[in-house]
Amino acid sequence: MQYAVITGASRGLGEAIAHQLMEKNVNIISVSRKDNEKLKKDAEKFHVSYEHIPCDLSEPSQIDELLPAVAEKVFHEGTHYVYLVNNAGVIEPIETIGELDAKAVQKHIQINLTAPILLTNQFVKLANEQDVKMGIINITSGAAERAVHGWSTYSSTKAAINRFTDTLALEQEGQGHTIFAYSPGVIDTDMQGEIRSSSEKAFAEVEKFKQLKEEGALRSPAEVAGILMNLLQEPKKIENGKVYKLYDLVK
Ligand SMILES: NC(=O)c1ccc[n+]([C@@H]2O[C@H](COP(=O)([O-])OP(=O)(O)OC[C@H]3O[C@@H](n4cnc5c(N)ncnc54)[C@H](OP(=O)(O)O)[C@@H]3O)[C@@H](O)[C@H]2O)c1
C-alpha cells in the first residue's frame, strides 16, 4: 500500500498533486484547514482512500496534535511506500522590512518552515524504524535564490527549505529514500492572485506579475503537477537533496 501525505491539498498545486498521485494508485491524506469535495469523488473513481485531516499549520498546538494522528494513519502493516509532500505555503506578509507585522511573520515561518521540518522529522524516524521507503518532496520557489523586494519572509523560508532538503539528503544517504525540492515556476493559483493584489510600495515587481497573468504565462496546477509526476517516474535518476526547477525540466 502506498500513501501520500500532502499539506495544502485543498486547492492549487497541492490539489493537482493529490489528484495525479491518486491516478497512480496512491492513497491520500490531505492536511489543510479546508477539505476538498472533488478529491473525495476522485478517490472513489480511482479506488483509493482519501482522508482530510483539518489542521491550521500556523498553530503550533495543532501541529503537535497532527503529528501522531497522521503517523498512525500512514505507518502500519501493509504500508510499503510513503510520500510526504510539504506543499502548503503562504506568501504573506508581502511588505518591506521595517513594515512587517510580527504576527504575520511568525505564522508564515510556522507554515512554510516549521511544519515541514516537524512533519519530516516524525516521518523519517518512523520510516527508518519500520523499514518503509519514502519520497519526500519539498515545494520551494525561485525566490529562494534571489532577493525579491517585499518578499523577505517568503524568500527566507524557501531558502531555508532548500538547505533543509539537502541536509536531510546528506543525513539519510544509503537509506533508500528519495528526497528533493521542486521549484514549480509561476502557477495560476490563489497565491498569484494575492501577489497581484499587492501595492507597488510593498512589492516593487507587482506590475511584472500582473503582466505575466495577462500574457498567459502562468502554468496550470495540473501541468506543473504533471511535470513533477514525470520526474517521480524515474526515481533512480533523481539526485537526492537537489532543487529541481520546472524551467530546467521542460527545456
Ligand atoms: N503559485 C505560484 O506561482 C508558486 C510559485 C512558486 C512556488 N509556489 C509554492 O507552491 C506551493 C503551493 O502554492 P499554491 O500556489 O498552490 O498556493 P495556494 O493556491 O494559495 O494554496 C495554498 C495551500 O496551502 C494551504 N495552507 C495555507 N495556509 C495554511 C495553514 N495555515 N494551514 C494549513 N494549510 C494552509 C491552503 O489550504 P487551506 O487554505 O485549506 O488551509 C492551500 O491548500 C507553496 O509552497 C508555494 O510557496 C507557488
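Just follow the structure's listing: the first ligand is 1, and inside any ligand the first atom is 1. Heavy atoms only: backbone and side chains are in, while hydrogens, waters and symmetry mates are out. Counting begins at 1 with the first residue of the sequence.
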Tyr81 side chain vs Met134 backbone, donor-acceptor pair below 3.5 Å = yes
Are side-chain heavy atoms of His80 and Val132 found at a separation under 4.5 Å?
-> no
So is Glu15 in contact with ligand 1, going by heavy-atom distances below 4.0 Å?
-> no
Which of the atoms of ligand 1 are close to Val186, meaning less than 4.0 Å from one of its heavy atoms?
-> 3 (O)
Tell me, do Val186 and Phe209 make a side-chain contact under 4.5 Å, heavy atoms counted?
-> yes
Does an N or O anywhere in Ser141 fall below 3.5 Å from an N or O of ligand 1?
-> no
Nearest 0.5 Å please: distance from the CD atom of Gln172 over to the OG1 atom of Thr120.
-> 10.5 Å
Check whether any side-chain heavy atom of Ile187 sits under 4.5 Å from a side-chain heavy atom of Gln192, and report yes or no.
-> no
Tell me, which protein residue and heavy-atom name are nearest atom 22 (C) of ligand 1, and how many Å apart are they?
-> Gly89 O, 3.8 Å
Ligand 1 atoms in contact with Cys55 (distance to a heavy atom under 4.0 Å) | 32 (N), 33 (C)
Contact check: Gly14 vs ligand 1, nitrogen or oxygen atoms, below 3.5 angstrom | no
Measure from atom 29 (C) of ligand 1 to every heavy atom in Arg11, Arg33, Gln110 and give the option owning the shortest one.
-> Arg33
Contact check, side chains of Val48 and Asn25, non-hydrogen atoms, under 4.5 Å = yes
Using distance alone, determine whether Gly8 and ligand 1 share an N or O pair under 3.5 Å.
-> yes
Atom indices of ligand 1 within 4.0 angstrom of Leu13 heavy atoms, with elements = 16 (O)
The reported gap from CG in Asn112 to CG in Asn86 (rounded to nearest 0.5 angstrom) is 10.5 Å
When you look at Ile179 and Thr165, which way does the side-chain contact (heavy atoms from CB on, under 4.5 Å) test go after all the steps?
-> CA-CA 7 Å; Ile179 297 161; Thr165 306; 3.9 Å; yes
Would you mind listing which atoms of ligand 1 come within a distance below 4.0 Å of any non-hydrogen atom of Gly12?
-> 16 (O), 19 (O)
Check for a donor-acceptor pair, side chain of Ser30 on one end and backbone N or O of His52 on the other, with a separation under 3.5 Å.
-> no
Nearest heavy atom to atom 2 (C) of ligand 1: which of Val31, Ile111, Ile187 does it belong to?
-> Ile187
Taking only heavy atoms of Tyr154 into account, list the atoms of ligand 1 that are under 4.0 Å away from them.
-> 6 (C), 7 (C), 8 (N), 9 (C), 46 (C), 47 (O)
Which atoms of ligand 1 have any heavy atom of Asp56 under 4.0 Å away?
-> 30 (C), 31 (N), 32 (N)
Any sub-3.5 Å donor-acceptor pair from Asp42's side-chain atoms to His19's backbone N or O?
-> no
For atom 44 (C) of ligand 1, the option (of Asp35, Asn36, Asn87, Ile139) bearing the nearest heavy atom = Asn87
Show which atoms of ligand 1 fall inside a sub-4.0 Å distance from at least one heavy-atom site of Val90.
-> 27 (C), 28 (N)
With side chains defined as the heavy atoms from C-beta onward, is the minimum distance between Ser183 and Thr140 less than 4.5 Å?
-> yes
shortest atom 3 (O) of ligand 1-to-protein heavy-atom contact is with Gln192 NE2, 2.7 Å
State the atoms of ligand 1, each with its element, that fall below the 4.0 Å cut-off from a heavy-atom position in Pro184.
-> 6 (C), 7 (C), 8 (N)
Work out whether the distance between some heavy atom of Thr7 and some atom of ligand 1 is less than 4.0 Å.
-> no
Heavy-atom proximity to atom 48 (C) of ligand 1, picking from Gln62, Lys34, Arg219, Met191, points to Met191
So how far is it from Leu66 CG to Asp56 CG, rounded to the nearest 0.5 Å?
-> 11.0 Å
min-distance protein heavy atom vs atom 43 (O) of ligand 1 -> Ser10 OG, 2.8 Å
Gly185 to ligand 1, any heavy atom closer than 4.0 Å | yes
For Phe123, is the NZ or CZ atom of Lys125 found under 6.0 angstrom from the centre of its six-membered ring and inside 45 degrees of the ring axis?
-> no
Can you tell if the side chain of Ile137 reaches within under 4.5 Å of the side chain of Leu84, non-hydrogen atoms only?
-> no
Using 30° and 60° as the class limits, which term best fits the ring planes of Phe203 and Trp151: parallel, tilted or perpendicular?
-> parallel
Closest protein heavy atom (residue, atom, distance) for atom 26 (N) of ligand 1 | Ala88 CB, 4.1 Å
Nearest protein heavy atom to atom 15 (O) of ligand 1, by residue and atom, and its distance?
-> Thr189 OG1, 2.5 Å
Got an N/O contact under 3.5 Å between Glu194 and ligand 1?
-> no
What about Leu57: any of its N or O atoms under 3.5 Å from an N or O on ligand 1?
-> yes
